Amino acid sequence: MSSEFVMDAPDPRNLLDHMAQDLTGAPLDRPEGPLKVSGRATYAHEYRLGNCAYGVLVRATIAKGTLTALGDEAVRGLPGILGVFSDDRFLRNPAQGTADKAPVQGAQTIAYLGQPVALVVADSFEQARHAAQSLALRYAPDADGVFDPESDAANIERPDAKQRDQGDFDRAFADAHATVDSTYTTPAQNSAAMEPHASVAAWDGDRLTLWGGYQMLKYNRNELADSLGIDAENVRILAPYVGGGFGSKLGISPEAVAAAIAAREIGRPVKVAMSRQQVFEATMRRSETRQRVRLAADAQGRLTGIAHEYRVSNLPDESFSEPVGQATHFLYGGENRRIVHEIARVNRTCAGSMRAPGEAVGMLALENAMDELAEQLGIDPIELRKRNLPERHPEQDIPYSSRMLAQCLDEGARRFGWDKRSTKPGTTRDGEWLIGMGVSSAARKNITSQAEARVTLTTDGDAVVETDMTDIGTGTYAVLGQIAGDMLGLPRDRVRVMLGDTDLPPGPGSGGSWGASSSGSAVLEACAVLRRQLADRLGLVADGLVLRDGDIILDNRRIPLRDAMGAGPLEAVGIFKPGKTSQDYAQAAYGAFFAEVGVSSITGEVRVRRMLGTFAAGRILNAKTARSQCIGGMTFGIGAALTEELVHDLRDGHIVNHDLAEYHLPVNLDVPQIEVHFLEERDDQACPLQSKGIGELGISGAGAAITNAIAHATGARIRTYPATLDKLLAVME
Amino acid sequence: MLDIDPRTSILDALRNHIGLTGTKKGCDHGQCGACTVLVNGRRINSCLTLAVMHDEDAITTIEGLGEPDHLSPLQAAFVRHDGFQCGYCTSGQICSATAMLDELQQGWPSHVSADLEAAPDPTDAEISERMSGNLCRCAAYPNIVDAIREVAGGGK
């Protein structure tokens with residue numbers, strides 16, 4: 001049977017706190033860990049199918065225009081070549097997250113340099129690659145490409161729904177005791193998941209099976225079917241292991257559709273993996289941003305006005321635009337508010353979601369501006385932030401759900417030794433190194449999404465959890481097993497979690513930090529049904545049922561669960577749906593970042609010496625995997641602050657640094673032994689687990705703590721991200 | 001005896017021909033370290049060398065270091081310390097760390113060694129520096145250092 005739970009009202013039952021197994025929250029190892037560390041976990045490209053052919057995508061080498069010929073005459077006769085494919089179904093770029101339908105299609109119309117326009121298929125990877133590099137593509141180029149979002153030629157959109165004008169900001173700014181008016185820029189970035197996008201497509205009659213590296217299978221299935229013009233019923237996608245996503249694998253992408261088209265045509269399975277360069281050029285980038293932040297405050301530092309005006313970019317006909325002001329809407333008070341959201345249409349690689357779209361870049365500017373205000377008023381940056389936490393959402397006038405931002409700031413300050421920070425910037429030295437400390441708030445909007453999961457109690461008294469939800473490194477295998485184990489009183493090794501297969505009940509996918517709360521709530525609901533069914537079977541009341549270590553605990557005896565399963569297995573599908581609490585409460589996860597940097601007075605090099613995060617995100621489902629998520633997010637923050645920058649050539653929009661040698665991810669030595677601390681919290685408004693999303697919280701504001709520390713170390717503020725040594729040398733004395 | 005196209009890298013030979021897919025392709029250009037294997041005990045990027053150049057060489061991949069129910073000490077430490085998330089760079093990290101510990105043992109200095117003559121200690125800085133050729137976008141770096149330090153018997 002199935003049972004639905006709609007989050008229309010707070011759920012104070014705190015079910016998990018009343019279970020006896022004590023799994024949820026515990027720092028348990030990932031159950032799939034032994035497979036991953038021994039190389040046995042199988043990622044998309046690694047399925048071995050008989051008679052499989054290899055496909056290599058071919059990129060457009062012009063920025064805008066029409067493909068007139070493939071120039072494949074010399075290639076078709078080569079040994080082992082099985083075909084050159086290029087048609088109207090090819091994807092211009094990946095689908096946006098949750099699109100649920102095909103993105104813009106057609107290989108002939110080229111909108112950016114690097115767009116995949118053909119697929120060469122051969123018996124071997126080496127031959128396919130050789131032929132792909134040997135095509136003599138011919139074009140009719142257009143002269144009207146726009147490559148610079150700041151260009152006068154760029155079409156600028158200002159969608160009404162994304163603007164905000166409340167009170168009289170201009171007046172507040174003119175009348176303020178103190179003001180900040182700063183413009184920051186952040187560059188385009190790439191998710192750079194370690195596994196390049198890959199798909200293996202195999203047909204059985206009209207039925208397509210695709211092994212792919214994807215984050216949101218429920219949507220990806222519909223996107224793939226729509227792209228091919230077939231019924232979604234005939235499509236199955238498998239992604240039990242995904243080598244990282246960070247948003248770049250939210251929507252179906254060009255290699256999947258090309259592989260499916262070719263496989264159908266040649267009657268053999270086809271494998272296509274993007275090269276690293278293609279991942280940079282033909283998947284998704286985070287948009288660059290230009291952000292003007294203006295703050296108006298009274299003498300005590302209380303905000304009277306806040307304006308955040310920004311420009312981002314994307315290709316024409318893309319619905320997504322980086323929601324830079326997302327945290328600005330709810331984080332700090334001030335009755336006069338303005339948010340201006342501009343989208344420049346450009347011929348650059350598609351812009352889409354990358355870890356914490358909005359907060360990840362918007363908070364760099366907002367949290368820098370808050371420090372600039374604190375500096376100007378001589379108020380401690382932590383104190384300034386605490387003075388500006390509103391009672392209710394400053395725009396929507398609704399209450400917050402749990403919000404422990406102030407406690408996170410205080411706890412972090414205590415642990416980090418904030419009291420040792422000098423009040424005057426540029427005064428602490430360690431040899432050639434200028435030392436500084438910085439702080440930033442962490443905040444990420446909390447979202448949930450519809451989720452289904454099936455839980456079965458087998459005749460052995462073990463449990464199986466099944467959903468098409470993915471684990472992209474996020475810990476889904478771990479936490480869903482912990483929740484089910486708690487609810488059914490089973491040790492962790494008696495719960496098997498099956499993920500990443502569209503034949504299983506549809507989950508929400510991994511994105512927006514909603515996966516664990518949404519899928520976990522579906523598992524909880526299914527288990528609640530199983531507890532009732534079990535109680536019925538035993539003639540007991542479900543509420544009083546105590547299950548622990550595989551036993552049913554009665555007053556003075558224990559019955560092995562297995563003994564109660566003689567009548568056959570029990571099965572339930574739990575369905576979780578977001579409801580009214582999403583509108584009635586402003587929900588977000590919060591925290592605080594602290595960083596200590598050294599800036600070389602000779603070279604301008606920045607080293608992060610120490611970094612610490614305190615977080616409150618409702619119930620923590622697994623202390624070990626949650627900590628890892630936060631470390632990962634904070635490291636994205638280090639990259640954003642110091643090294644990561646996609647460079648676009650303004651003549652043709654192409655990405656100049658399209659590989660991992662030139663696009664600088666933080667490496668091991670760039671990252672200190674980051675400290676992470678969680679504050680105990682329950683959020684009854686968020687979901688029945690009392691948890692909130694955590695995968696993106698660790699990046700949301702992290703880079704600003706580092707740039708604030710640089711300003712403290714040097715007395716100079718870099719507003720053009722990333723804060724590389726050339727920029728620092730130019731402004732340091 | 002493997003009969004393959006001379007353009008085949010060790011990495012593609014392992015993945016596409018031998019069926020050992022534990023070795024990962026992250027960039028195919030020697031920039032990420034995901035494809036690290038041991039050739040005669042020494043760590044190399046298997047994407048940067050052709051299979052035909054290694055006739056008679058002993059190549060050890062992640063599969064050769066341990067099995068799911070019989071993990072090497074480093075593999076087990078990576079699980080305990082959560083030295084990975086998605087798991088895609090992990091094979092390379094562990095192969096790299098395996099050889100790196102040997103290099104430490106043999107007294108090889110690194111960029112962060114203060115004394116090029118003295119036997120290096122497995123400090124966090126030494127471990128981090130020596131592991132900086134293996135990218136991890138999930139950024140398990142602090143946990144990777146914890147795992148390796150534990151196996152190396154080093155102190156912070």
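Worth saying up front: this structure is predicted, and the values here are computed from it rather than measured. All chains are named by letter (A, B, ...) in the order of the sequence lines, taking the proteins before the strands, and each is independently numbered beginning at 1.
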What part of [X] gets within 4.5 angstrom of chain A, counting heavy atoms only: side chain, backbone, both, or neither?
X	value
Asn16(B)	both
Asp82(B)	both
Ile144(B)	side chain

Subject >> Nearest heavy atoms of Ser510(A) and Thr474(A), plus distance in Å >> reply: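 Minimum heavy-atom contact is OG-OG1, 4.5 Å.
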Original post:
Do you know which two heavy atoms are closest between Arg268(A) and Asp123(A), and how far apart they sit?
Top reply: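 Smallest heavy-atom distance, with atoms named: NH1-OD1, 2.9 Å.
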For chain B, find which of [options] contributes the most heavy-atom pairs closer than 4.5 angstrom.
options	answer
Lys624(A), His130(A), Arg627(A)	Lys624(A)
Arg355(A), Glu644(A), Arg129(A)	Glu644(A)
Asp659(A), Ile674(A), Asp670(A), Asp471(A)	Asp659(A)
Thr42(A), Asp29(A), Leu28(A)	Asp29(A)
His45(A), Met634(A), Glu32(A), Lys271(A)	His45(A)
Ser38(A), Gly243(A), Gly39(A), Ala41(A)	Ser38(A)

Less than 4.5 Å to any heavy atom of chain B: does that hold for the side chain of [X], its backbone, both, or neither?
X	result
Ser191(A)	backbone
Pro666(A)	both
Gln277(A)	side chain
Tyr663(A)	side chain
Ala192(A)	both
Ile472(A)	backbone

For [X] and [Y], indicate whether the former's side chain and the latter's backbone hold a donor-acceptor pair under 3.5 Å.
X	Y	value
Asn622(A)	Thr625(A)	yes
Gln75(B)	Val37(A)	yes
Arg276(A)	Gly26(B)	yes
Gln127(A)	Ser124(A)	no
Gln215(A)	Lys249(A)	yes
Arg30(A)	Gly473(A)	yes
Tyr141(B)	Cys136(B)	yes

Considering only heavy atoms and a distance below 4.5 Å, find which of [options] pairs most often with chain A.
options	answer
Thr8(B), Asp28(B), Asp69(B), Leu71(B)	Thr8(B)
Ile4(B), Asp12(B), Leu65(B)	Asp12(B)
Glu67(B), Met131(B), His17(B)	Glu67(B)

Original post:
Below 4.0 angstrom, N of the basic side chain to O of the carboxylate: do Arg15(B) and Glu46(A) qualify?
Top reply: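 Judged by the 4.0 Å cut-off on N to carboxylate O distance, Arg15(B) and Glu46(A) do form a salt bridge.
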**OP:** Go through the steps for Asn657(A) and Leu646(A) under the test side chain to side chain contact (heavy atoms under 4.5 Å, CB included), then give the verdict.
**Re:** CA-CA 6 Å; Asn657(A) 53 342; Leu646(A) 280 183; 4.1 Å; yes
Original post:
Could you name the residues of residues 56-64 of chain B that have a heavy atom within less than 4.5 Å of a heavy atom in chain A?
Top reply: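 Listed by number, the contacting residues are Ile62(B), Glu63(B).
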Subject >> Set of residues satisfying ring-ring contact (aromatic ring centres under 6.0 Å, His included) with respect to Tyr477(A), sequence neighbours excluded >> reply: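 By the ring-ring contact (aromatic ring centres under 6.0 Å, His included) rule, Tyr477(A) matches Tyr241(A).
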**OP:** With sequence neighbours excluded, tell me which residues meet ring-ring contact (aromatic ring centres under 6.0 Å, His included) with Phe636(A).
**Re:**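 Phe636(A): ring-ring contact (aromatic ring centres under 6.0 Å, His included) contacts with Phe246(A).
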Subject >> Leu74(B) side chain reached by Ile148(B) side chain, heavy atoms, under 4.5 Å >> reply: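 Side-chain contact under 4.5 Å: yes.
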Sequence neighbours left out, cut at 3.5 Å: what donor-acceptor pairs do the side chains of residues 84-95 of chain B make with other protein atoms?
{"from": "Gln85(B)", "atom 1": "NE2", "to": "Ser628(A)", "atom 2": "O", "distance (Å)": "2.9"}
{"from": "Gln85(B)", "atom 1": "NE2", "to": "Cys138(B)", "atom 2": "O", "distance (Å)": "3.4"}
{"from": "Tyr88(B)", "atom 1": "OH", "to": "Lys25(B)", "atom 2": "N", "distance (Å)": "3.4"}
{"from": "Tyr88(B)", "atom 1": "OH", "to": "Lys25(B)", "atom 2": "O", "distance (Å)": "2.9"}
{"from": "Thr90(B)", "atom 1": "OG1", "to": "Gly87(B)", "atom 2": "O", "distance (Å)": "3.1"}
{"from": "Ser91(B)", "atom 1": "OG", "to": "Gly22(B)", "atom 2": "O", "distance (Å)": "2.7"}
{"from": "Gln93(B)", "atom 1": "NE2", "to": "Asn134(B)", "atom 2": "O", "distance (Å)": "3.2"}
{"from": "Gln93(B)", "atom 1": "NE2", "to": "Leu135(B)", "atom 2": "O", "distance (Å)": "3.4"}

